[in-house]
Amino acid sequence: MRLPLALLALAALGAAGGRAADQEAAEEARAGRFSTPERHRCRWELRSAAGASELRLSCRPAGGGAARSCAYRGEPRRCPAFGARSRQYWRQILSRLRRRHQPCAPGAPLSARLCGPGRAPPEAQLRLLPDAGPATPAPAPEPTEDPAQTYCAERWHSLCSFFVGFWEG
């Protein structure tokens, strides 16, 4: 009888700890993806430091092509509504970005309806930073030595090469 009761208590403690972890994860949702009307696939990342927030984007056209990166910076904490409804603020900002045909193209500053003109100082709006240029492609992998030559004796080289080739596919 004591064992099931102890398991039940541990399960309850684990569930309570899991909810706290879920809340922290939800508050730390600082990256994601979206698509634009032009079918650009975009990734975003939110960074905050010293009162300023920076929203970094990397967008790739649907038909391929070079990715374009950009960043928006502002001070949303200057908006009175931001403190109580920051999640709603960021949802509105991302919604505005989704509606833009080219999110990294110069245009009007981004502002949420919560903190629009007249409701917050202009510093609360997110402004496009000077062009960061196209995203740099990943470097090509360097050719590696043949593992059979590295790890096998000369007389076993052909058999070892066969197994290494089979293993690597």
**Fill in**
Ser111 and Ile93 have their tightest heavy-atom pair at C-CD1, 3.8 Å
**Request:** Could you check if a side-chain atom of Arg100 sits within less than 4.5 angstrom of a side-chain atom of Leu110, using non-hydrogen atoms only?
**Result:** yes
**Item:** All pairs passing salt bridge (Lys or Arg N to Asp or Glu O under 4.0 Å) where residues 69-79 contributes a residue, at least two apart
**Value:** Glu54-Arg73, Glu75-Arg78, Arg78-Glu123
**Prompt:** What's the shortest heavy-atom distance between Leu97 and Leu55, and which atoms?
**Reply:** CD1-CD2, 3.5 Å
**Message:** With a 6.0 Å cut-off (strictly less than), is the heavy-atom count around CZ of Arg43, excluding the residue itself, greater than 12?
**Reply:** no
**Message:** With a sphere of 6.0 Å drawn around CZ of Arg98, does it hold more than 12 non-hydrogen atoms of other residues, nucleotides or ligands?
**Reply:** yes
**Complete:** Closest non-hydrogen atoms of Pro61 and Ala66, given as atom of the first, atom of the second and distance, are CD-O, 3.5 Å
**Message:** Test side-chain contact (heavy atoms from CB on, under 4.5 Å) on Arg85 and Arg91; report intermediate values, then the result.
**Reply:** CA-CA 10 Å; Arg85 303 188 316 198; Arg91 274 193 222 124; over 6 Å; no
**Request:** To the nearest 0.5 Å, tell me how far Cys79 SG sits from Gln125 CD.
**Result:** 10.5 Å
**Request:** Kindly give the heavy-atom pair with the smallest separation between Tyr72 and Ala105, and that separation in Å.
**Result:** OH-O, 4.3 Å
**Prompt:** Under 2.5 Å between the SG atoms of Cys104 and Cys59?
**Reply:** no
**Request:** Heavy atoms only: give me the nearest Pro76-Phe82 pair and the separation to one decimal.
**Result:** O-CB, 3.2 Å
**Request:** Might you point out which heavy atoms bring Pro103 and Phe34 nearest each other, and give the distance in Å?
**Result:** CG-CE1, 4.3 Å
**Request:** Group every Ile, Leu, Val, Met, Phe, Trp and Tyr by side-chain heavy-atom contacts under 4.5 Å, then state whether Trp156 and Phe163 land in the same group.
**Result:** yes
**Side chain proximity check, Arg33 to Arg41, heavy atoms < 4.5 angstrom** = no
**Message:** Looking only at side-chain N and O atoms, does Arg99 offer a donor or acceptor that is under 3.5 Å from a partner on Ser95?
**Reply:** yes
